[in-house]
Amino acid sequence: MNSLEQAEDLKAFERRLTEYVSCLQPATGRWRMILIVVSVCTATGAWNWLIDPDTQKVTFFSSLWNHPFFTISCITLIALFFAGIHKRVVAPSIIAARCRTVLTEYNMSCDDTGKLILKPRPNIQ
């Protein structure tokens, strides 16, 4: 391949990578908002559950039955983690990190948006 073809291949790879990372951004933002809302609901429900004086007097399952907001938000949070929300929240950074790993062999890297960073060639003497 000549230099022009190599440059065009790099440009096409960079365009595709930035396109892919930018397509993940809206979904990542939505998943982050869902995780924040469910986490705040769980924390609020946990606070109310802990400060309730009846919690110490009844059995564990009875106390959960008495606090359905906390119970439902905990179950929802656990279900979200089993569904992989923790991976969806950081998906663009996972893709960028994996690309950086592969690109290091070619003296290149990329930023979090997928833009390629060309590194100078090492001087071999």
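- Taking OG of Ser63 as the start and NZ of Lys57 as the end, the distance is 13.5 Å to the nearest 0.5 Å.
- At a threshold of 4.5 Å between non-hydrogen side-chain atoms, the residues Cys99 and Leu17 count as touching.
- Following chains of ILVMFWY side-chain contacts shorter than 4.5 Å, one can reach Val89 starting from Leu80, so the two form part of one hydrophobic cluster.
- Residue pairs meeting the ring-ring contact (aromatic ring centres under 6.0 Å, His included) criterion with at least one member in residues 6-35, sequence neighbours excluded, do not occur.
- Judged as a side-chain contact (heavy atoms from CB on, under 4.5 Å), and not counting sequence neighbours, the contacts of Asp112 are Ala96, Arg100.
- For the pair Met108 and Leu10, the minimum side-chain heavy-atom distance is below 4.5 Å.
- The hydrophobic cluster containing Trp47 also includes Ile51, under a criterion of side-chain heavy atoms closer than 4.5 Å among ILVMFWY residues, counted directly or through chains of members.
- In terms of the side-chain contact (heavy atoms from CB on, under 4.5 Å) criterion, Ser22 has no residue partners (sequence neighbours excluded).
- Evaluation of the side-chain contact (heavy atoms from CB on, under 4.5 Å) rule for Lys115 yields Glu14, Thr18, Asp111, Thr113 as partners, not counting sequence neighbours.
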Using a 3.5 Å cut-off and no angle test, enumerate the donor-acceptor pairs between side-chain atoms of residues 34-44 and protein atoms at least two apart in sequence or in another chain.
unit_1: Ser39; atom_1: OG; unit_2: Leu35; atom_2: O; d: 2.7
unit_1: Thr42; atom_1: OG1; unit_2: Val38; atom_2: O; d: 2.8
unit_1: Thr42; atom_1: OG1; unit_2: Ser73; atom_2: O; d: 3.3
unit_1: Thr44; atom_1: OG1; unit_2: Val40; atom_2: O; d: 2.8

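- Qualifying side chain to side chain donor-acceptor pair (under 3.5 Å) partners for Glu19, counting only residues two or more places apart in sequence or in other chains: Arg16.
- For the residue pair Leu24 and Pro92, the shortest heavy atom distance occurs at CB-CG, 3.9 Å.
- By the side-chain contact (heavy atoms from CB on, under 4.5 Å) test, Thr71 is found to be paired with Leu64, Ile75, residues two or more places apart in sequence or in another chain being considered.
- Remark: Thr28 engages no residue in a side chain to side chain donor-acceptor pair (under 3.5 Å) (not counting sequence neighbours).
- Inter-residue side-chain proximity for Leu103 and Cys110 is flagged as met; some heavy-atom pair is nearer than 4.5 Å.
- At a threshold of 4.5 Å between side-chain heavy atoms, the hydrophobic network of Ile, Leu, Val, Met, Phe, Trp and Tyr places Leu77 and Phe70 in two separate groups.
- Between Trp49 and Phe60, the ring planes are perpendicular. Angles over 60° get that label, and only those under 30° would be called parallel.
- For the salt bridge (charged side-chain N to carboxylate O under 4.0 Å, His left out) condition, no pair includes a residue of residues 22-45, sequence neighbours left out.
- For residues 85-105, every residue pair satisfying the ring-ring contact (aromatic ring centres under 6.0 Å, His included) rule, not counting sequence neighbours, is listed here: Phe81-His86.
- Between the NZ atom of Lys87 and the CD1 atom of Ile94 there is a distance of 8.0 Å, given to the nearest 0.5 Å.
- With a 4.5 Å cut-off on side-chain heavy atoms, Thr55 and Leu50 do not count as touching.
- For Asp54, the side chain to side chain donor-acceptor pair (under 3.5 Å) criterion is met by no residue, not counting sequence neighbours.
- Residues His67 and Asn48 bring no donor and acceptor atom of their side chains to less than 3.5 Å of each other.
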